[in-house]
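Notes for the one structure printed next.
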Amino acid sequence: GIDITVSKNSNVYCIFDGSVTRIFSVPMSGVAVIVRHGTYLSVYSNLDKLEVKVGDKIKIGQKIGEVLKMSDKVGVLHLEVWNERSSENPANWISSFNGK
């Protein structure tokens with residue numbers, strides 16, 4: 001996965017159409033959301049103020065929540081992409097998202 005430093009309370013958006021399959025707490029790191037996109041999974045960690053729940057169908061660009069504030073000015077989104085059990089480079093997915 002990759003860590004993306006952003007302004008505090010920045011919104012986090014889904015990188016591809018999918019379904020929310022799991023939401024869980026990560027000690028000292030807020031909440032993580034897993035979205036299934038066919039055989040692919042995207043994992044968003046260090047979240048707060050979620051706007052989705054397990055079972056939701058979500059679209060590319062739909063808001064998932066906000067990045068957990070790590071300091072007075074910044075937050076860090078941790079993003080992972082998996083093809084079942086093989087990790088993928090999230091940067092390729094972000095490039096696709098930016099083109100939408």
* Non-hydrogen atoms of Leu77 and Ser45 that approach each other most closely -> CD1-O, 3.5 Å
* Single-linkage hydrophobic cluster, 4.5 Å side-chain cutoff, Trp82 and Val35 together -> no
* Asked: Nearest 0.5 Å, what's the CG-NE2 distance between Leu68 and His78?
  -> 14.0 Å
* Structure fact -> When rounded to the nearest 0.5 Å, the distance separating SG of Cys14 from CD of Gln62 is 7.5 Å
* Neighbour count above 12 (heavy atom, 6.0 Å) for Lys63 NZ -> yes
* To do: Mind checking the CG-CD spacing from Asp56 to Glu51? Nearest 0.5 Å is all I need.
  => 11.0 Å
* Asked: According to a 4.5 Å side-chain heavy-atom criterion applied to Ile, Leu, Val, Met, Phe, Trp and Tyr, with indirect links allowed, do Val31 and Ile58 form part of one hydrophobic cluster?
  -> yes
* Asked: In terms of hydrophobic clustering (I, L, V, M, F, W, Y; side-chain heavy atoms under 4.5 Å; direct or indirect links), are Val20 and Tyr44 co-clustered?
  -> yes
* Would you say Val6 and Ile2 are hydrophobically clustered, going by side-chain heavy atoms of ILVMFWY under 4.5 Å? -> yes
* Asked: Does Ile34 belong to the same Ile/Leu/Val/Met/Phe/Trp/Tyr cluster as Val26, with side-chain heavy atoms less than 4.5 Å apart forming each link?
  -> yes
* Asked: Taking all non-hydrogen atoms of both residues, which atom of Val12 and which atom of Glu66 are closest, and how far apart?
  -> CG2-C, 4.2 Å
* Taking all non-hydrogen atoms of both residues into account, name the closest pair between Glu84 and Leu41 and its distance. => O-CD1, 4.4 Å
* Asked: Any donor-acceptor pair under 3.5 Å linking the side chain of Asn46 with the backbone of Val76?
  -> yes
* Asked: How long is the span from the CG atom in Asn9 to the NZ atom in Lys69, to the nearest 0.5 Å?
  -> 6.5 Å
* **Nearest heavy-atom neighbours spanning His37 and Asp17** => ND1-O, 2.8 Å
* To do: Give, for atom CZ of Phe16 and atom NZ of Lys59, the distance between the pair rounded to the nearest 0.5 Å.
  => 10.0 Å
